[in-house]
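Notes follow once the structure below has been shown.
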Amino acid sequence: MNWFLAKIVYRIVCGEGDHTAQFDEQLRLVQAADEQEAFAKAKAIGEQEQEMFLNQQQKLVTWQFINVCELYKISALIDGAELYSRIQETDNAGTYIELVHKKAAHIQSNNTHKYLQLL
């Protein structure tokens with residue numbers, strides 16, 4: 001059996017969908033004999049995990065499975081191996097860098113909080 005990294009894409013629609021289009025891109029690990037089986041398993045996950053629910057404003061929110069748009073075979077689990085890369089373009093580099101630092105600080109503070117709970 002082999003490991004694959006699959007990108008599953010969902011469209012998020014709230015209410016009548018009168019909003020900026022939103023998509024959730026999820027990276028999932030899939031174990032399969034070959035690429036065809038991995039694609040089929042990732043697609044089945046995407047279809048099974050579609051959902052509909054009411055948000056806090058009682059509007060229907062739908063997560064619609066779009067498709068599996070990327071599939072990569074992971075040849076070996078090596079410490080520090082690159083699993084995925086995406087180039088992000090933005091009009092404001094400073095804002096993007098600030099967001100990256102805020103996310104890192106959030107991860108760090110949550111880990112510190114978890115360690116303190118263990119003591």
Side-chain angles (χ1 to χ4, degrees):
M1 292 296 261
N2 300 296
W3 286 102
F4 293 85
L5 186 65
K7 183 190 280 189
I8 300 172
V9 179
Y10 295 91
R11 181 168 188 178
I12 305 166
V13 179
C14 182
E16 298 297 316
D18 299 329
H19 54 80
T20 302
Q22 291 182 315
F23 296 90
D24 182 49
E25 298 178 347
Q26 299 181 2
L27 298 178
R28 300 291 191 100
L29 282 174
V30 178
Q31 190 173 29
D34 56 33
E35 193 171 284
Q36 287 180 328
E37 182 185 350
F39 182 82
K41 285 179 81 171
K43 192 169 182 175
I45 291 167
E47 290 169 347
Q48 290 168 0
E49 294 189 7
Q50 295 183 99
E51 65 177 316
M52 296 188 316
F53 57 90
L54 295 176
N55 66 11
Q56 293 175 337
Q57 292 81 32
Q58 298 303 304
K59 290 185 179 179
L60 184 65
V61 177
T62 306
W63 282 57
Q64 301 170 338
F65 171 65
I66 302 300
N67 215 330
V68 177
C69 65
E70 296 179 32
L71 188 65
Y72 304 99
K73 183 177 179 183
I74 299 172
S75 55
L77 297 177
I78 301 169
D79 188 29
E82 182 177 315
L83 295 179
Y84 180 77
S85 175
R86 180 176 87 121
I87 296 174
Q88 174 70 37
E89 292 186 13
T90 181
D91 292 332
N92 189 328
T95 300
Y96 180 78
I97 292 168
E98 183 180 337
L99 178 62
V100 169
H101 288 310
K102 283 182 180 179
K103 287 180 178 181
H106 180 72
I107 292 168
Q108 210 169 17
S109 69
N110 279 349
N111 284 337
T112 301
H113 183 68
K114 287 176 188 174
Y115 292 136
L116 290 175
Q117 286 179 342
L118 293 175
L119 294 177

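Below, all heavy atoms of this structure are taken into account, side chains as well, without hydrogens, waters or symmetry copies.
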Between CD on residue Gln31 and CG on residue Asn2, distance to nearest 0.5 Å: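 Spacing of CD (Gln31) from CG (Asn2) equals 8.5 Å.
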Reported CD1-to-CD1 distance for the pair Ile8 and Ile66, which is rounded to 0.5 angstrom: 12.5 Å
Check: Gly94 main-chain N/O paired with Asn92 side-chain donor or acceptor under 3.5 Å: yes
Backbone N/O of Phe65 and side chain of Gln50: donor-acceptor pair under 3.5 Å: yes
Side chain to side chain, Leu29 and Leu5, heavy atoms closer than 4.5 Å: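 With C-beta onward as the side chain, the pair touches.
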pair Arg28-Lys41: side-chain heavy atoms closer than 4.5 Å: no
If you count every heavy atom of other residues, nucleotides or ligands that lies below 6.0 Å from [X] atom [atom1], does the total exceed 12?
{"X": "Glu49", "atom1": "CD", "value": "yes"}
{"X": "Gln58", "atom1": "CD", "value": "yes"}
{"X": "Gln36", "atom1": "CD", "value": "no"}

Write down the atom of [X], the atom of [Y], and the distance for their closest heavy-atom approach.
{"X": "Ala32", "Y": "Phe4", "answer": "O-CE1, 3.7 Å"}
{"X": "Asn67", "Y": "Phe39", "answer": "OD1-CZ, 3.8 Å"}
{"X": "Val9", "Y": "Glu25", "answer": "CG2-CG, 4.2 Å"}

Hphob cluster co-occupancy, Tyr10 + Phe53, side-chain heavy atoms under 4.5 angstrom: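 Yes, same cluster.
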Connected via hydrophobic side-chain network under 4.5 Å: Leu27 and Leu71: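 Leu27 and Leu71: separate clusters.
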Candidates Met52, Arg11, Glu51, Gln22 - the one meeting side chain to side chain contact (heavy atoms under 4.5 Å, CB included) with Trp63: Glu51
